[in-house]
Amino acid sequence: MGSEGGGSLVVVPRNFRLLEELERGEKGIGDGTVSYGMDDADDIYMRSWTGTIIGPHNTVHEGRIYQLKLFCDKDYPDSPPTARFQTRINMTCVNQETGMVEPSLFPMLLNWRREYTMEDILIGLKKEMSSPQNRKLHQPLDGNDDQRVEQKGLVLRCAIL
């Protein structure tokens, strides 16, 4: 989100950039099949976000609603946020155990550019759902992350057992 004028580069500060994204997310995006917003309005660092994708037509994802967590660390937007599906999904770029979108398998995260946004990630994931390799993949039963074990939770549960 920098702009060039008169040969100098103006870099928009992180919080201004995130405020722009928040405003855009609250207004709604395009056809309404993708949305996002902050998890905690009191988080002054604006790190934790929730995204929603409604599965695209003519795919196994049609009619499904997918929830994601997006985490913008202190170096965002220079570095990409992490994206983790809360809803179980079978896609070639998603780790089946954790729900994390794997940057090495999702070109937008792998080749991240500062001007990309969380909206771009959600739209890119929706497009990926329609790709030949994902549009017909068998999907897990509907369910959320209550069935998914986080890595740190796994260690804790093993220690308790």
Side-chain angles (χ1 to χ4, degrees), residues 1-3 10-57 59-103 105-131 134-135 139-153:
M1 281 218 129
S3 63
V10 176
V11 177
V12 176
R14 178 186 184 278
N15 280 3
F16 289 170
R17 164 69 178 273
L18 287 169
L19 285 170
E20 287 176 11
E21 290 196 51
L22 177 61
E23 182 178 354
R24 184 162 169 79
E26 288 177 341
K27 288 181 179 176
I29 305 165
D31 62 4
T33 60
V34 174
S35 63
Y36 64 98
M38 282 183 57
D39 278 342
D40 179 4
D42 294 329
D43 178 9
I44 61 171
Y45 298 107
M46 303 175 77
R47 293 174 292 203
S48 187
W49 298 69
T50 297
T52 303
I53 301 171
I54 297 176
H57 296 294
T59 70
V60 295
H61 306 284
E62 184 172 1
R64 291 178 177 243
I65 299 173
Y66 296 100
Q67 293 285 324
L68 296 92
K69 292 290 182 189
L70 300 155
F71 186 81
C72 300
D73 213 348
K74 62 181 183 281
D75 54 356
Y76 179 83
D78 293 317
S79 295
T82 58
R84 178 181 180 268
F85 276 88
Q86 299 293 103
T87 312
R88 288 196 167 280
I89 187 169
N90 187 13
M91 285 177 64
T92 56
C93 62
V94 177
N95 180 306
Q96 295 304 300
E97 296 299 316
T98 64
M100 292 296 293
V101 177
E102 298 289 346
L105 301 173
F106 186 58
M108 181 173 287
L109 294 180
L110 181 64
N111 303 308
W112 183 257
R113 294 171 38 187
R114 189 176 213 284
E115 58 268 16
Y116 292 161
T117 64
M118 287 180 277
E119 175 184 344
D120 294 329
I121 292 170
L122 296 172
I123 291 170
L125 286 168
K126 182 181 171 196
K127 286 180 184 173
E128 190 67 24
M129 290 176 187
S130 296
S131 70
N134 289 308
R135 68 181 302 119
Q139 294 301 306
L141 296 175
D142 287 336
N144 59 20
D145 69 341
D146 291 339
Q147 300 150 350
R148 178 175 281 134
V149 177
E150 290 191 42
Q151 298 301 324
K152 61 184 176 187

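The analysis underlying the following values was restricted to heavy atoms, covering all of them including side chains, and did not include hydrogens, waters or symmetry mates. Note that the structure is a prediction, hence the values are computed from the model and not measured. Count residues from 1 along the sequence.
The main-chain N or O of Pro77 is found under 3.5 Å from a side-chain atom of Trp112 such that the two form a donor-acceptor pair. Counting only distance, with no hydrogens or angles, the side chain of Glu102 and the backbone of Cys93 share no donor-acceptor pair below 3.5 Å. Side-chain atoms of Tyr36 come within 3.5 Å of backbone atoms of Glu21 as a donor-acceptor pair (strictly under, hydrogens ignored). Looking only at distances, a side-chain donor or acceptor of Arg84 sits under 3.5 Å from a matching main-chain atom of Thr98.
By the 4.5 Å heavy-atom criterion applied to side chains, Tyr116 and Leu109 are not counted as neighbours. Counting only heavy atoms from C-beta outward, the side chains of Leu105 and Thr92 never approach each other to under 4.5 Å. Under the 4.5 Å side-chain criterion, counting only non-hydrogen atoms from C-beta, Leu68 is not in contact with Gln86. With a 4.5 Å cut-off on side-chain heavy atoms, Tyr76 and Met118 count as touching. Counting heavy atoms from C-beta outward, Asn90 and Val60 have side chains that stay 4.5 Å or more apart.
Separating the NE2 atom in His57 from the CE atom in Met129 is a distance of 13.0 Å, to the nearest 0.5 Å. In this structure, the separation between CE on Met46 and CZ on Arg17 is 11.5 Å, given to the nearest 0.5 Å. Atoms CG and CG, from Leu122 and Leu70 in turn, are 5.5 Å apart once rounded to the nearest 0.5 Å.
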Item to check | Residue pair Val101, Ile121: steps toward the side-chain contact (heavy atoms from CB on, under 4.5 Å) verdict | outcome: CA-CA 10 Å; Val101 177; Ile121 292 170; over 6 Å; no
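Considering only residues two or more places apart in sequence or on other chains, Asp78 meets the salt bridge (Lys or Arg N to Asp or Glu O under 4.0 Å) condition with Arg114. Checked against side chain to side chain contact (heavy atoms under 4.5 Å, CB included), Lys126 has the following partners two or more places apart in sequence or in another chain: Asp31, Thr33, Val34, Ile53, Pro56. The side-chain hydrogen bond (donor to acceptor under 3.5 Å, both in side chains) search around Glu119 returns Arg24, not counting sequence neighbours. Residues meeting the side chain to side chain contact (heavy atoms under 4.5 Å, CB included) test with Leu110, sequence neighbours left out: none. Annotation: ring pair (Phe, Tyr, Trp, His ring centres under 6.0 Å) contacts of Tyr66 (sequence neighbours excluded): His61. Among residues two or more places apart in sequence or in another chain, the side-chain hydrogen bond (donor to acceptor under 3.5 Å, both in side chains) test is passed with Lys27 by Glu23. With sequence neighbours excluded, the residues that form a side chain to side chain contact (heavy atoms under 4.5 Å, CB included) with Thr52 are Ser35, Ile65, Gln67. When the salt bridge (Lys or Arg N to Asp or Glu O under 4.0 Å) test is applied to Arg14, no partner is found at least two apart in sequence or on another chain. For Asp73, there are no salt bridge (Lys or Arg N to Asp or Glu O under 4.0 Å) partners at least two apart in sequence or on another chain. With sequence neighbours excluded, the residues satisfying side-chain hydrogen bond (donor to acceptor under 3.5 Å, both in side chains) with Asp75 are Ser79. When the salt bridge (Lys or Arg N to Asp or Glu O under 4.0 Å) test is applied to Glu128, no partner is found at least two apart in sequence or on another chain. Glu26 is linked by a side-chain hydrogen bond (donor to acceptor under 3.5 Å, both in side chains) to nothing, counting only residues two or more places apart in sequence or in another chain.
The two atoms that bring Ile54 and Gly32 nearest to each other are CD1-O, 4.0 Å, heavy atoms only. The nearest pair of heavy atoms linking Tyr45 to Leu18 is O-CD1, 4.1 Å. Heavy-atom minimum distance, Asn15 versus Ile44: ND2-O, 3.9 Å. For the residue pair Met100 and Thr82, the shortest heavy atom distance occurs at CE-CB, 3.8 Å. Nearest heavy-atom pair across Asp43 and Ser48 is OD2-N, 3.7 Å. Annotation for Pro140 and Ile89: closest pair CG-N, 3.9 Å, computed over non-hydrogen atoms.
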